[in-house]
Protein chains: 2
Amino acid sequence: MGVMSIGEAAAASGVTAKMIRHYEDMHLIPEASRTLAGYRMYSDKDVHILRFVRRARGLGFSIKQIADLLGLWRDQSRSSARVKALALEHIAELERKIAEMQTMKTELERLAHCCHGDHRPECPILEQLAGDSPADAG
Amino acid sequence: MGVMSIGEAAAASGVTAKMIRHYEDMHLIPEASRTLAGYRMYSDKDVHILRFVRRARGLGFSIKQIADLLGLWRDQSRSSARVKALALEHIAELERKIAEMQTMKTELERLAHCCHGDHRPECPILEQLAGDSPADAG
DNA sequence: TCTGAACCTTCCCATGATGGTAAGGTCAAG
DNA sequence: CTTGACCTTACCATCATGGGAAGGTTCAGA
């Protein structure tokens, strides 16, 4: 598969054709060369880049971060410290989001635990949301 | 504060004026009545609703879910079982997202741990993303 | 050679919740 | 009457992704 259509590159990389075009539009990946008819053409090297992007997305990196990672990947004189710094930043962000959701989950579990969950209308979950119980305001 | 402007309602509820208008546009909250000049007017009851929405958002409920919760809150003949079911669904969704991010975090920590993070270019993080190491494909 | 399926192209719209800004009207205090 | 703070609507942006329409291309099979 030296030269591929966008559909073949999509199948080979795990990135949808739709997203490949989108990544090109936003300059995350290089502009693809075209056939006479205007069809995009991809090489194995392009697929390699697309797989890199897909794996980075799988780890939750943003497009902006992936652009940075691709730059470092290309840069033979990079320092691994810069890559590691990017990773650690992302880890911190993940931790922040996990903690936020964990807090929500814990609170919801507490409320759900208090709720009888039967045919009757009395519901501590709604009471809490309504602020009938004391606690916070605006 | 029997009757308030949108700014006052925002301050009293913790929901920005911007979002109050947005919630009205999407029919999450009732359409506000207007002054002769076209300014929206809010009552204490409206602020109560807005606070409900804000607290529900704070627990991570989606607008769609909050619409359902508001319906149940209004419905004096609701069963608490339905409220609890909504809450449990949301808890499950939170768990799913937390697990997903936890997986990312764990993998990234493993990679970051392997990376020297010094001036040299060798970097297991990039190698993994590039797929130089074995593992998955597209 | 014609035809149809399967592909490609671009362009626009939608998601979900939120923020920003611009252009203009209103109101209250000075 | 002016000024500043507020309100109005309308549009655009975020972030990553998907859907669909309208139209061109390619290739295989009849």
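By convention in this document, chain letters (A, B, ...) are assigned in the order of the sequence lines, proteins followed by strands, and residues within each chain are numbered from 1. Owing to the predicted nature of the structure, the values given are computational and were not obtained by experimental measurement.
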Original post:
If you group Ile, Leu, Val, Met, Phe, Trp and Tyr by side-chain heavy-atom gaps below 4.5 Å, do B/Y39 and B/I6 land in one group?
Top reply: no
Subject >> Closest nucleotide among D/dT26, C/dT18, C/dT26 to the A/A37 side chain >> reply: D/dT26
Original post:
When all nucleic acid strands are considered with a 4.0 Å heavy-atom cut-off, which category describes A/T35: base, sugar-phosphate, or nothing?
Top reply: nothing
Original post:
With a 3.5 Å cut-off and just heavy-atom distances, do the side chain of A/K64 and the base of D/dT14 make a donor-acceptor pair?
Top reply: no
**OP:** Check the distance between C/dC8's C1' and A/L36's CG and give it to me in whole angstrom.
**Re:** 15 Å
**OP:** Quickly work out the A/R34 CZ to D/dT25 C1' distance and round it to whole Å.
**Re:** 14 Å
**OP:** State plainly whether the residues B/E107 and B/R110 are in salt-bridge range, i.e. N to O under 4.0 Å.
**Re:** yes
Original post:
Taking CD from B/E24 and C1' from D/dT8, how many angstroms apart are they, rounded to a whole number?
Top reply: 12 Å
**OP:** Kindly check if the number of other-residue, nucleotide or ligand heavy atoms within 6.0 Å of CZ (B/R82) is above 12?
**Re:** no
Original post:
In whole angstroms, how far is the C1' atom of D/dT17 from the OH atom of A/Y23?
Top reply: 8 Å
Original post:
What's the closest nucleotide to the B/S5 side chain, out of D/dA16, D/dC7, D/dT8?
Top reply: D/dC7
Original post:
Between B/R21 and B/E24, is there a side-chain N and carboxylate O pair less than 4.0 Å apart?
Top reply: no
**OP:** Grab the two heavy atoms, one from B/L86 and one from B/Q65, that are nearest each other, plus how far apart they are.
**Re:** CD1-O, 4.3 Å
**OP:** Would you indicate what B/R57 reaches in the nucleic acid, counting non-hydrogen atoms under 4.0 angstrom: base, sugar-phosphate, or nothing?
**Re:** sugar-phosphate
Original post:
A/F61 near the nucleic acid: base, sugar-phosphate alone, or nothing, with a heavy-atom cut-off under 4.0 Å?
Top reply: nothing
**OP:** Whole angstrom is fine here: how far is it from CD1 in A/I6 over to P in D/dG24?
**Re:** 20 Å
**OP:** Looking only at side-chain atoms of A/K18, point me to the closest of C/dA17, C/dC12, C/dT9.
**Re:** C/dC12
Original post:
Taking atom P of D/dC27 as reference, at what distance in whole Å does atom OH of A/Y39 sit?
Top reply: 9 Å
**OP:** Round to a whole Å and report the spacing from CE of A/M19 to C1' of D/dG19.
**Re:** 13 Å
Subject >> Touch class at under 4.0 angstrom, heavy-atom based, for B/R21 against every strand present >> reply: base
Subject >> Protein-nucleotide distance (A/D25, atom CG; C/dC12, atom C1'), rounded to Å >> reply: 13 Å
Original post:
Can a side chain N or O of A/R40 be found less than 4.0 Å away from OP1 or OP2 on C/dC8?
Top reply: no
Subject >> DNA chain D: 5'-proximal contact among B/G38 and A/M26 (nearest heavy atom) >> reply: B/G38
Subject >> Any A/T16 side-chain nitrogen or oxygen under 4.0 Å from OP1 or OP2 of D/dG18 >> reply: yes
